[in-house]
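For ligands, and for the atoms within them, numbers begin at 1 and follow the listed sequence.
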Amino acid sequence: MRGPDHTPWPPDFAARYRAAGHWRGQTFGALLTALAAAHADRTAVVGEGARFSYAELDERAHRLAAGLVDLGVRPGDRVVVQLPNVPEFLPVVFGLFRVGAWPVFALPAHRDTELVHFAEQAEAVAIVTVDAHDRYDHAALARRVADRVASVRHVVVLSGACGANIGAVEPPAGALALDELGRAPRELPDPDPAGVAFLQLSGGSTGLPKLIPRTHDDYLYSVRESARICRLTPESVYLAALPVAHNYPLSSPGVLGALHAGATCVLAPRPDADTAFRLIEAERVTITGVVPPLAAAWVQAASRTELDLSSLEVLQVGGAKCGAELAARIGPALGCALQQVFGMAEGMVNYTRLDDPADVVLVTQGRPISLDDEVRVVDPLTDEDVPAGETGALLTRGPYTIRGYYRAAAHNATAFTPDGFYRTGDLVRRCASGHLEVVGRVKDQINRGGEKVAAEEVENHLMAHPDVLDAAVVGVPDEYLGERSCAYVVPVAGARPSAGELRRFVRERGVAAFTVPDRVLVVDAFPATPVGKTSKRELRAAIARSLVPGSKER
Ligand code: OOB
């Protein structure tokens with residue numbers, strides 16, 4: 001038997017968050033209605049080939065909501081949404097919010113295994129997808145998922161969107177065209193703001209992503225505060241370079257934060273520097289967010305570009321650790337301020353503030369959004385608080401951090417403490433100012449014959465080398481020591497440092513011999529997760545197969 005679907009906040013906490021004004025009883029549908037009234041003719045969203053004002057976005061969301069209801073979609077139904085960065089993403093999602101149906105936010109990179117898992121876990125009634133994106137036939141993928149998962153009754157396909165590149169793809173038999181779904185707008189009952197609004201996906205460092213139930217009340221609080229912390233105004237232009245369904249470009253402050261502020265969202269079909277820089281110039285983008293590997297690529301590209309990036313005020317870097325070396329290169333290369341963002345789809349988000357001193361911005365990953373974000377830094381084995389300023393595992397609880405995953409009672413028993421703190425799995429140090437420095441993952445440690453090597457530390461040493469663009473260190477099984485360290489390195493353009501030189505460089509920084517990586521492999525690029533973070537899981541798998549395409553040991 002399965003436990004309860006999701007775990008609400010205990011009533012005393014909920015009452016406290018309401019009394020503090022964090023939870024205001026507003027739904028996303030009601031928010032859009034208010035925004036359309038306040039900013040009707042301003043541009044809400046820009047994407048390839050389309051531009052919607054706030055009034056048009058509102059109208060489209062109303063029409064889609066009516067069409068979804070006519071299709072039989074009911075409040076509380078789950079609908080897998082797999083859309084790339086297209087303007088229609090917003091009317092689809094707000095249409096579902098208005099119905100009270102829950103989007104399940106798949107990413108464009110997900111394939112059969114993940115989508116079947118999401119559809120099954122959520123017992124989804126429909127899938128909304130695109131015909132093709134990045135030369136991949138998403139409509140056929142959705143059809144296969146619908147054939148395998150009995151609950152899925154409808155496949156809805158958006159045709160002719162960006163980056164299809166594989167010719168016109170007919171919606172597969174039985175699929176509906178998104179363009180034809182809209183119906184005359186009509187009033188629908190507003191869903192419960194304390195109820196679930198959607199299911200977000202966990203970062204999925206182990207196994208398949210888990211489903212994360214977020215409510216209107218809790219998510220809107222994080223969106224509102226994110227927009228304030230990032231100083232968004234109606235004049236701001238936010239570029240979603242990363243896949244917009246991910247929590248970071250969705251809400252930190254992301255497209256939802258931009259809309260909340262009455263600003264303009266620009267959706268980049270791809271995150272590469274060329275595409276993004278063109279959009280920054282054309283749309284006078286003021287703020288965007290990237291993951292560290294992308295920040296490194298943009299920094300390099302900025303030195304060669306002739307495009308005008310002068311409108312850019314803030315580059316956010318988050319999703320994975322941005323080392324101090326990379327952090328220091330960003331301002332000079334891109335001519336903007338850096339903001340570090342350390343967040344998680346489960347809730348808690350930390351930002352460096354725009355008026356924090358430079359050293360805080362370069363070396364910390366920010367401090368929490370809310371004074372009601374409770375933070376504990378504990379010994380991972382005993383759960384006891386470590387002394388102030390020391391490294392430990394981060395536990396958190398608060399007004400927008402979930403108390404349990406969706407339909408995952410067994411996992412919840414270990415992922416949360418009995419008193420409701422989420423075990424983030426991140427190792428952090430907390431400064432006196434409350435800023436957190438992420439120093440690794442609880443399990444991202446190489447046990448080299450008993451000597452514990454923190455992958456992060458070795459990566460930082462490597463990143464200090466002028467020829468190194470990015471570094472990722474993983475453990476390799478070893479008969480004698482149990483594990484040895486293997487460093488993967490992506491060089492800066494034109495450089496090809498040798499393994500021997502890089503090992504010598506780390507040694508000469510005056511570190512313990514066991515910190516010097518046992519092996520160094522120079523590769524062209526790292527395998528990435530669906531949002532573009534370096535995938536250590538795939539690097540470990542590759543080394544296990546002793547086969548990394550493009551790698552060369554020197
Ligand atoms: C964001 O969300 P997820 O759910 O994909 O991943 C969360 C995990 C964190 O637990 C941490 O391990 C890592 O990603 N992470 C960072 C980081 N930001 C996220 N590790 C070090 N430094 C950072 N700045 O990745 C996410 C959600 C909302 C906003 C930003 C990122």
Kindly say whether V361 contributes a backbone atom to a donor-acceptor pair with the side chain of D356 at under 3.5 angstrom?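 Here the side-chain-to-backbone pair does not exist.
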
For the backbone of F28 and the side chain of H216, can you confirm whether one donor and one acceptor N or O come within less than 3.5 Å of each other?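 Yes, because the side chain of H216 sits within donor-acceptor range (under 3.5 Å) of the backbone of F28.
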
Which is it for [X] and ligand 1 at heavy atoms under 4.0 Å: side chain, backbone, both or neither?
{"X": "K533", "answer": "side chain"}
{"X": "D426", "answer": "side chain"}
{"X": "M344", "answer": "both"}

Considering [options] one by one, which has a heavy atom nearer to [atom] than any of the others?
{"atom": "atom 13 (C) of ligand 1", "options": "G319, A320, G203", "answer": "G319"}
{"atom": "atom 4 (O) of ligand 1", "options": "S222, G440, A345, P209", "answer": "A345"}
{"atom": "atom 27 (C) of ligand 1", "options": "G343, S251, G318", "answer": "G343"}

Show the nearest heavy-atom pair for residues L326 and A296, with the distance to one decimal.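 L326 and A296 have their closest heavy atoms at CD1-CA, 3.8 Å.
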
Would you name the heavy atoms of A464 and R509 that are closest together and state the gap between them?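 For A464 and R509, the tightest heavy-atom pair comes out as CB-NH1, 3.2 Å.
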
For atom 5 (O) of ligand 1, what is the nearest protein heavy atom, given as residue, atom name and distance?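 Ranked first by proximity to atom 5 (O) of ligand 1 is H246 NE2, 2.9 Å.
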
Protein contact to atom 24 (N) of ligand 1 [nearest heavy atom, distance to 0.1 Å]: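 In this structure, atom 24 (N) of ligand 1 has V341 O, 2.7 Å as its nearest protein heavy atom.
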
With nothing but distance in play, are any N or O atoms of V317 less than 3.5 Å from an N or O of ligand 1?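 No.
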
Are any of the N or O atoms of Q340 closer than 3.5 Å to those of ligand 1?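 For ligand 1, there is no N or O atom that lies under 3.5 Å from one belonging to Q340.
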
Any ion pair linking [Y] and [X] (charged N to carboxylate O, less than 4.0 Å)?
{"X": "E459", "Y": "K536", "result": "yes"}
{"X": "D383", "Y": "R423", "result": "yes"}
{"X": "K533", "Y": "D470", "result": "no"}

Can you confirm whether the side chains of D419 and T417 place a donor and an acceptor under 3.5 Å from each other?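 Distance-only check passes for D419 and T417.
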
Give the atom numbers and elements of ligand 1 that come within less than 4.0 Å of a heavy atom of [X].
{"X": "S252", "value": "28 (C), 29 (C)"}
{"X": "F342", "value": "11 (C), 15 (N), 16 (C), 17 (C), 18 (N), 19 (C), 23 (C), 24 (N)"}
{"X": "K321", "value": "20 (N), 21 (C), 22 (N)"}
{"X": "N247", "value": "27 (C), 28 (C)"}

Could you tell me whether ligand 1 has any atom less than 4.0 Å away from a heavy atom of R441?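 Under 4.0 Å: yes for R441.
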
Taking CG in L371 as the centre, count heavy atoms belonging to other residues, nucleotides or ligands within less than 6.0 Å. Is the count above 12?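 Not buried by this count: 12 neighbours or fewer within 6.0 Å.
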
F198 ring center near Y219 ring center (under 6.0 Å):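 They qualify: ring centres under 6.0 Å apart.
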
